[in-house]
Number of protein chains: 2
Amino acid sequence: MAKSKEAKIVDTTTEERIKAAARVVFHKKGYAATRTRDIAEEAGINLALLNYYFRSKEKLFDIIMFETIFGFMQNMAMVLNEEKSTLEKKVEMIAFNYIDFITKEPNVPIFMLSELRNNAGRLLEKLPVKQLIMTSAFFRQHQEAVAKGKITEPNPLHFLMNLLSLVVFPFIAQPLLQGISNLNETQFNQLMQERKKLIPVWVKAMMKAK
Amino acid sequence: MAKSKEAKIVDTTTEERIKAAARVVFHKKGYAATRTRDIAEEAGINLALLNYYFRSKEKLFDIIMFETIFGFMQNMAMVLNEEKSTLEKKVEMIAFNYIDFITKEPNVPIFMLSELRNNAGRLLEKLPVKQLIMTSAFFRQHQEAVAKGKITEPNPLHFLMNLLSLVVFPFIAQPLLQGISNLNETQFNQLMQERKKLIPVWVKAMMKAK
DNA sequence: TCCATTTTTAATCAAATGATTAAAATGTTT
DNA sequence: AAACATTTTAATCATTTGATTAAAAATGGA
């Protein structure tokens, strides 16, 4: 490495700049619509450097994709596995954390889910998300609440789906929702901020319904 | 047109076969990942015929995209604008119709929303969805229910978002959900069928929550 | 049957795109 | 300073891809 350790505080290495640029462009346009030249331009580097550091577009994509899924699931896995917090608290945490996260990274959900549709097998097998979530405190607490009659719907997958639906879907459908409502981006984000408090209330009510 | 009117009952015209093939491939892979050769192969035609009938990939795509959005919104607009049915009945109809529709066309939601992200303006301006939905009986009935104190959340957009979230999102996240739950496709679809009855109950409970 | 029109095909083009190469520039070690 | 290693650049390649063209085939009407 030709770069001295302390020289650049604000700047980063070429390799990191390429990764950061690739993240931006891949998230925005998806794998197929992204040109390696787009990434090079975004990073302000010579096109050949992309191949010098990452061998190919596909290998670079795999890195970005893995980090994106991991970053998305990590937070959820942590919250769902907390032994101490209540089920209600977990719902609050998920709503709060993800609405903030997706507001900052609005392209991540649709990017992730679009690309997963092509390659779910290959991309998910590296991540031990299955174990982490299906055996989580969240699911155990749900079962306990069902046993006590506090929750009517016995399938924890419905519970998780509903929570994620209410949190994530509005962002995915943002262009459509703005198209039918005339909200600008700021107003839309305000609506999403409202949902931080509303979703836990709604989920609570839903799960007691019968 | 060299084709006689009654000649083919089971078969269709070349133009229709190209459109049907384009619909399949575009829905599955999106605009950027679709090659005109993929469409030609799917349709079983010579590549040049695509340009002969539709001029360009982009023009063909615009047709498919318009029809897809229109087909998706049409049903919703109709249900939301029924003057006679109750708000609760409308929720039931949306849940029932869309779960059936998306089960048959599982790629449509993510296709539509992905492509809208690039081109929301151009693609939505042709459709008068705004008027149809924002001034619908659905929204009016919602306001009436709010006035009567039967619904706590006064913003009808939250109401519509919640309904669509619960119906559509699980399909969009299907690869991820199957990845963490080990369900096969049949089991997943059974779960979705269950939601036809569950979602109306949940939505009802949510909207009374406070 | 003959002719004009429409439809289909095979061959080809030009531009875009992922990737490579050889040389230049920069940094490190001796 | 000299030698070596790493990083960067400009030029180029081979393939893919959307589109076109000219000719052939099929079709329908006179």
**OP:** Return the residues of residues 27-37 of chain A meeting this criterion: a heavy atom under 4.0 Å from some atom of DNA chain D. Order them by number, or give none.
**Re:** none
**OP:** Apply salt bridge (charged side-chain N to carboxylate O under 4.0 Å, His left out) to B/E83 and list each qualifying residue two or more places apart in sequence or on a separate chain.
**Re:** B/R140
Original post:
Who are the salt bridge (charged side-chain N to carboxylate O under 4.0 Å, His left out) partners of B/E41, not counting sequence neighbours?
Top reply: none
Original post:
For the pair made of CG in A/D62 and C1' in C/dG18, what is the distance, rounded to whole Å?
Top reply: 16 Å
Subject >> Gap between atoms CD and C1', on B/E58 and D/dA19 respectively (whole Å) >> reply: 13 Å
Subject >> Donor-acceptor contact present, side-chain A/Y98 to main-chain A/M76, <3.5 Å >> reply: yes
Subject >> Between C/dT8 (P) and B/E15 (CD): distance, integer Å >> reply: 10 Å
Original post:
So, A/R195 side chain and A/L166 main chain: donor-acceptor pair closer than 3.5 Å or not?
Top reply: yes
**OP:** Return the set of residues passing salt bridge (charged side-chain N to carboxylate O under 4.0 Å, His left out) with A/K89 (not counting sequence neighbours), or none when no residue passes.
**Re:** A/E92
**OP:** Tell me whether the OP1 or OP2 atom of D/dT7 has a side-chain N or O from A/T14 closer than 4.0 Å.
**Re:** no
**OP:** Measure from NZ or CZ of B/K196 to the centre of the six-membered ring of B/F96, then state whether that distance is under 6.0 Å and the direction lies within 45° of the axis.
**Re:** yes
Show me the donor-acceptor pairs within less than 3.5 Å that the side chains of residues 29-36 of chain A make with the rest of the protein, sequence neighbours left out.
residue : atom : partner : partner atom : Å
A/K29   : NZ   : A/D38   : OD2          : 3.3
A/T34   : OG1  : A/G30   : O            : 2.6
A/R35   : NH1  : A/A32   : O            : 3.1

Original post:
Can we say A/E88 and A/K204 salt-bridge, meaning some charged N sits less than 4.0 Å from an Asp/Glu carboxylate O?
Top reply: yes
**OP:** Name every residue in residues 38-54 of chain B that has at least one heavy atom under 4.0 Å from any atom of DNA chain D, in order of residue number, or write none if there are no such residues.
**Re:** B/L47, B/A48, B/N51
